[in-house]
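Before any comments, here is the structure.
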Amino acid sequence: MQQVKAVVAKAKGEPVSIETINVPDPGPGEAVVKIQACGVCHTDLHYREGGISDDFPFLLGHEASGLVESVGEGVTDVAPGDFVILNWRAVCGECRACKRGEPKYCFATHNATQKMTLEDGTELSPALGIGAFAEKTLVAAGQCTKVDPTARPAAAGLLGCGVMAGLGAAINTGGATRGRSVAVIGCGGVGVAAVAGAALAGASPVIAVDIDSRKLDAAKKAGATHTVDSSQGDPVEQIKEICAQTYPGAEGADIVVEAVGRPETWKQAFYARDLAGTLVLVGVPTPDLKLPDIPLIDVFGRGGALKSSWYGDCLPSRDFPMLIDLYQQERLDLDAFVSEEITLDDVEQAFTKMHDGNVLRSVVVF
Ligand code: APR
Ligand code: ZN
Ligand code: ZN
């Protein structure tokens, strides 16, 4: 067991605090990781606000990279000294989804078995089974994916959550590729990553839509060929026109990624698709929201696919090393997502900044 500094949300809605926590030595199948960087994600704030569960205190942080410090019995995939990106979906290999070759739908993902605790012995709930706003954390070895150790930690860690969700929504879920058009509605961190994914896959045009013009600038830098400011009204007609310029007769985009998570924007995404196009919902809706009012005949008549993208439908062992290689070759600009590097003490302030519109990601570096 060892003691380290960490960011803990002790009670619903209250500011986070820096605490000393106890990190057990890794047991069978576990690893202790010395965290090098961890991005601040909306989900951390949702935990702090009590929107995810009531299991306070939470050890926040889940978008991280670091060096494996020690591993427990039976761990062979990673070893001390490995540079890894942490994932929150270590799959079981045994359930029906895993057995039919679709581990992205595994319903028996796992985390470390032992508990990290506060100094007084209170058990901590690590955010998404990770808890990486900490100098060190305990995870299941399956949550660690080894990548090129020369990659910048702050950029690499972002693949652990938001950036992977966006890239994967466009590429893995939507099937973006050369010869297809992509529109992305909502260009926060996730949406801009979807734009980057579409561009990386060779799709064109890549249309970025947002109500905030600063977000459209970020999307342009990530590879959007066109931008639509939807603060003045419905963007559907403009998306159709842009797609028809490249593909005469097209009635919308082949793939529309909805990265807001609201019925109004889902409805825009539905109608901005070409016939037989794919809608990908990656923005996470709050539980109270319902499908928008759309005539069933339109669902029938337009065909295509209505999908959701969970963690970008990623397979960490396949996607993390590949995307890090593309980053190292300067074909994927992960640095553009790192708006600022901060310390553990600044996490509460970073939550405030999330809403001011200038920050894609604040990243704690150690
Ligand atoms: N039309 C277009 N864009 C919109 C609209 C709208 N009606 N409403 C909001 N947006 C834009 C915002 O301007 C912002 O750029 O959507 C973007 C949301 O980005 P972030 O708040 O940074 O969220 P992000 O981290 O990208 O996550 C995407 O998934 O998990 C949820 O709460 C999260 O709703 C967010 C979404
Ligand atoms: Zn499984
Ligand atoms: Zn996250």
Side-chain angles (χ1 to χ4, degrees), residues 38-47 49 51-52 60-64 86-110 127-130 132-133 142 157-166 169 183-195 207-219 222 227-236 239 256-269 272 281-286 289 308-312 315 337 339 351 353-362:
C38 183
V40 183
C41 176
H42 278 90
T43 303
D44 295 305
L45 182 55
H46 291 169
Y47 271 110
E49 288 172 343
I52 295 185
L60 299 182
H62 61 274
E63 197 175 77
L86 300 181
N87 76 76
W88 39 268
R89 282 190 58 76
V91 300
C92 75
E94 301 293 331
C95 71
R96 176 158 146 71
C98 283
K99 283 200 166 137
R100 71 172 185 230
E102 292 185 296
K104 66 184 184 184
Y105 296 121
C106 176
F107 48 76
T109 57
H110 59 283
L128 293 175
I130 292 183
F133 287 147
L158 299 188
L159 289 180
C161 189
V163 173
M164 185 67 245
V184 178
I185 300 182
C187 292
V190 174
V192 171
V195 166
I207 306 162
V209 182
D210 205 291
I211 49 175
D212 181 341
S213 61
R214 291 170 302 178
K215 300 301 178 102
L216 295 175
D217 292 340
T227 56
V228 176
D229 182 340
S230 59
S231 62
Q232 305 306 322
D234 194 306
V236 171
I239 294 171
V256 184
V257 177
E258 201 280 351
V260 185
R262 295 204 50 86
E264 316 82 90
T265 37
W266 195 91
K267 187 171 183 176
Q268 292 169 356
L281 175 65
V282 63
V284 186
T286 50
L289 297 173
S308 62
S309 185
W310 179 235
Y311 204 175
L315 292 177
F337 293 91
S339 309
F351 284 147
K353 278 192 214 157
M354 258 180 191
H355 295 293
D356 77 7
N358 277 322
V359 172
L360 280 180
R361 272 295 188 264
S362 303

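Just follow the structure's listing: the first ligand is 1, and inside any ligand the first atom is 1. In this text, all values refer to a predicted model and were calculated from it rather than measured experimentally. Count residues from 1 along the sequence. Computation of the quantities below employed the complete heavy-atom set of this structure, encompassing side-chain atoms and omitting hydrogens, waters and symmetry-equivalent molecules.
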Inset, instruction - On the 0 to 90° scale, with breaks at 30° and 60°, tag the Trp88-Tyr311 ring pair as parallel, tilted or perpendicular. - result: parallel

Inset, instruction - Report the part of Cys187 in contact with ligand 1, treating N, CA, C, O as backbone and CB onward as side chain, heavy atoms under 4.0 Å; options are side chain, backbone, both, neither. - result: backbone

Inset, instruction - Look at the side chain of Gln268 and the backbone N and O of Pro235, then say whether any donor-acceptor pair between them is shorter than 3.5 Å. - result: no

Legend entry - N, O or S atom of His42 closer to the Zn ion (ligand 3) than 2.8 Å: no

Inset, instruction - Keeping the roles fixed (side chain from Asn87, backbone from Ala90), state whether a donor-acceptor pair exists under 3.5 Å. - result: yes

Legend entry - Nearest-neighbour protein heavy atom for atom 28 (C) of ligand 1, which is reported as residue plus atom name and distance: Ala259 O, 3.2 Å

Legend entry - Heavy-atom nearest option to atom 27 (O) of ligand 1, drawn from Val190, Val163, Leu360: Val190

Inset, instruction - Could you tell me whether Gly283 and ligand 1 have an N or O pair separated by under 3.5 Å? - result: no

Legend entry - Atoms in ligand 1 flagged as close to Val284, the criterion being non-hydrogen separation under 4.0 Å: 29 (O), 30 (O), 31 (C)

Legend entry - Contact atoms of ligand 1, heavy-atom distance to Gly189 under 4.0 Å: 22 (O), 26 (O)

Inset, instruction - Just need the protein heavy atom nearest to atom 8 (N) of ligand 1, so name the residue and atom and give the distance. - result: Ile211 CD1, 3.5 Å

Legend entry - Side-chain donor/acceptor of Asp210 to backbone N/O of Cys187, under 3.5 Å: yes

Inset, instruction - Might you confirm whether atom CZ of Arg96 has over 12 heavy atoms from other residues, nucleotides or ligands at distances under 6.0 Å? - result: no

Inset, instruction - Starting from atom 32 (O) of ligand 1, find the nearest protein heavy-atom neighbour and note its residue, name and distance. - result: His46 CE1, 4.2 Å

Inset, instruction - Classify the contact between Thr265 and ligand 1 as side chain, backbone, both or neither, using a heavy-atom distance cut-off of under 4.0 Å. - result: side chain

Legend entry - Metal-centred angle, SG of Cys161 through the Zn ion (ligand 3) to NE2 of His62, rounded to 10 degrees: 110°

Inset, instruction - Just need the protein heavy atom nearest to atom 35 (C) of ligand 1, so name the residue and atom and give the distance. - result: Val260 O, 3.7 Å

Legend entry - Short side-chain to backbone donor-acceptor contact, Ser309 and Leu281, under 3.5 Å: no

Inset, instruction - For His42 and ligand 1, answer yes if some heavy atom of the residue is under 4.0 Å from a ligand atom, otherwise no. - result: yes

Legend entry - Polar contact flag for Gly261 and ligand 1 (N/O pairs, less than 3.5 Å): no

Inset, instruction - For the residue pair Val192 and Lys215, establish whether any side-chain heavy-atom pair is separated by less than 4.5 Å. - result: no

Inset, instruction - Check each of Leu281, Asp212, Asp210 against atom 13 (O) of ligand 1 and report the one with the nearest heavy atom. - result: Asp210

Inset, instruction - Look up atom CD1 in Ile52 and atom CG in Leu45, then write down how far apart they are to the nearest 0.5 Å. - result: 9.5 Å

Legend entry - Any side-chain heavy-atom pair of Cys41 and Arg361 under 4.5 Å: yes

Legend entry - side-chain contact (heavy atoms from CB on, under 4.5 Å) partner of Val256, the single match among Val184, Ile185, Val209, Val236: Ile185

Inset, instruction - Would you give the length of the straight line joining atom CD1 of Ile211 to atom CD of Gln232, rounded to the nearest 0.5 angstrom? - result: 10.5 Å

Inset, instruction - Could you check atom 17 (C) of ligand 1 against the protein and tell me its nearest heavy-atom contact, residue, atom and distance included? - result: Gly188 N, 3.6 Å

Inset, instruction - Mind checking the CG-CG spacing from Leu159 to Leu86? Nearest 0.5 Å is all I need. - result: 12.0 Å

Legend entry - Metal site angle (apex the Zn ion (ligand 2)), SG from Cys92 and SG from Cys95, 10 degrees: 110°

Legend entry - Nitrogen or oxygen atoms of Val282 and ligand 1 under 3.5 Å apart: no

Inset, instruction - Please confirm whether Ser230 comes under 4.0 Å of ligand 1, counting heavy atoms of the residue only. - result: yes

